[in-house]
Amino acid sequence: MIEGRIGVAGLEEIRHRLGDLEGKAPSVLARAINRTTANIKKNMAQQASARYHVTNTDARKTIKASQANRSSLGALVASRGSPISLAKFKVSPNRPVQYSRGRPSPKVYKAEVRKGQGKDPLDGNPKSFIAVMKNGHKGVFTRTGRTDGLTRRERNTMTYNSRSRANRNSSHEDIIRENYGPSVPQMIRNEESMAFIQEDARSTLEKRLDAEISNILRKG
């Protein structure tokens with residue numbers, strides 16, 4: 001999980017700027033904070049999708065924000081998410097393994113998680129491959145006949161791989177484990193992304209406060 005908190009000090013300064021309308025200071029602050037949290041949510045998703053092969057929509061689904069109000073002048077923006085199936089990233093070719101005369105095609109899959117880093121061959125021993133499970137889920141899997149040394153999550157996501165249409169020419173009937181990439185919070189949690197998000201939040205909050213105060217004073 002990665003989170004950002006927004007709070008505002010200097011309420012008295014806002015009251016002073018509002019003058020006779022100082023009673024509206026809490027509402028002014030709450031509106032400014034809520035506009036800022038909306039901007040933070042947008043920036044978090046954009047930072048993830050700009051650097052990784054994840055859609056902006058999928059990234060936004062992991063981000064939630066609380067709302068400020070007159071009695072609670074603060075808000076929390078948090079991204080919570082589990083590691084994402086490697087098949088959701090850029091895998092080539094993006095299809096289940098096929099067999100011709102008993103030979104697999106492709107010989108080796110390649111995957112790129114972070115944009116611009118280049119595709120890494122999934123050529124470990126044993127090699128990883130794409131397959132579609134009976135429930136329709138497509139993933140990048142690796143055969144393993146062992147459960148010791150694996151995490152509880154990894155053991156729970158294992159399935160038995162019997163001969164299927166995807167590998168009918170294979171004699172493998174052992175346990176396979178799905179491979180995952182980073183979670184959205186992990187994508188955002190880097191110095192460059194966090195610096196941009198925090199600086200933009202500070203700038204947005206200042207601008208929204210000025211705009212809200214000007215609007216209140218103009219209306220009277």
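It should be emphasised that the depicted structure is a prediction, and the values quoted were computed from it without experimental measurement. Worth knowing before you read on, the calculation uses all heavy atoms, side chains too, and leaves out hydrogens, waters and symmetry mates.
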Pairwise distance CZ(R60) to CD(Q46) - rounded to 0.5 angstrom: 8.5 Å
Modelled atom types, side-chain donor and acceptor of S105 and S100, under 3.5 Å: no
Non-neighbouring partners of E206 that pass salt bridge (Lys or Arg N to Asp or Glu O under 4.0 Å), sequence neighbours left out: R202
Nearest-0.5 Å distance that lies between atom NE2 in H137 and atom OG in S85: 4.5 Å
Side-chain heavy-atom pair R51, M187 within 4.5 angstrom cut-off: no
CZ on R95 to CD1 on I130, rounded to 0.5 Å: 8.5 Å
Over all atoms of both residues, closest heavy-atom pair of V184 and A48: CG1-CB, 4.3 Å
Polar side-chain atom of S214 near backbone of D210 as donor-acceptor pair, under 3.5 Å: yes
S79 versus P185, closest heavy-atom pair with distance: O-CG, 3.2 Å
From CA spacing to verdict: side chain to side chain contact (heavy atoms under 4.5 Å, CB included), F141, R177: CA-CA 5 Å; F141 299 91; R177 178 181 62 185; over 6 Å; no
E22 vs H16 side-chain heavy atoms within contact, under 4.5 Å: no
Exercise: identify the closest heavy-atom pair between A25 and R15: CB-CG, 3.8 Å
Atom pair CD/CZ of Q47 and R189 - distance to nearest 0.5 Å: 14.5 Å
Check: H53/E112 side-chain N/O donor and acceptor closer than 3.5 Å: yes
Exercise: identify the closest heavy-atom pair between A65 and T37: CB-CB, 4.3 Å
Polar contact flag, side-chain donor to acceptor under 3.5 angstrom, S193-N190: yes
Greater than 12 external heavy atoms within 6.0 Å of K64's NZ: no
Sole candidate of N43, I40, V77 that passes side-chain contact (heavy atoms from CB on, under 4.5 Å) when paired with I63: V77
Y52 side chain vs I188 backbone, donor-acceptor pair below 3.5 Å: no
Residues D120, R114: salt bridge by 4.0 Å N-O rule: no
Close side-chain approach of S92 to K119, heavy-atom, < 4.5 Å: yes
Same apolar cluster: V108 and I176, side chain cutoff 4.5 Å: no
Closest approach of L18 to K24 (non-hydrogen atoms, all atoms of both residues): CD1-C, 4.0 Å
Derivation and outcome, side chain to side chain contact (heavy atoms under 4.5 Å, CB included), residues K138 and N94: CA-CA 10 Å; K138 181 169 72 173; N94 191 15; 3.2 Å; yes
Side chain to side chain, V113 and F89, heavy atoms closer than 4.5 Å: yes
Backbone N/O of V140 and side chain of N179: donor-acceptor pair under 3.5 Å: yes
R218 and N215 side chains, donor-acceptor separation under 3.5 Å: yes
Straight-line distance of L205 CG to E212 CD, nearest 0.5 Å: 10.5 Å
Heavy-atom side-chain proximity of I197 to M44 below 4.5 angstrom: yes
Pair S128, T142: side-chain N/O donor-acceptor within cut-off below 3.5 Å: yes
Residue list, salt bridge (Lys or Arg N to Asp or Glu O under 4.0 Å) with K61, at least two apart or on another chain: D58
Check: A68 main-chain N/O paired with S72 side-chain donor or acceptor under 3.5 Å: no
Rounded distance (nearest 0.5 Å) linking atom CG of L209 with atom CD1 of I14: 5.0 Å
Donor + acceptor pair across side chains of K42, N56 (<3.5 Å): no
Residues R143, F129; criterion side chain to side chain contact (heavy atoms under 4.5 Å, CB included); working and verdict: CA-CA 9 Å; R143 291 190 179 90; F129 59 93; 3.8 Å; yes
No-hydrogen, no-angle side-chain donor-acceptor test under 3.5 Å, S27 and R70: yes
Step-by-step side chain to side chain contact (heavy atoms under 4.5 Å, CB included) determination, M194 to Q198: CA-CA 6 Å; M194 292 304 300; Q198 291 169 355; 3.7 Å; yes
Considering all heavy atoms, the nearest S183-G81 contact: CB-O, 3.4 Å
Side-chain touch Y109/P93, heavy atoms, less than 4.5 angstrom: yes
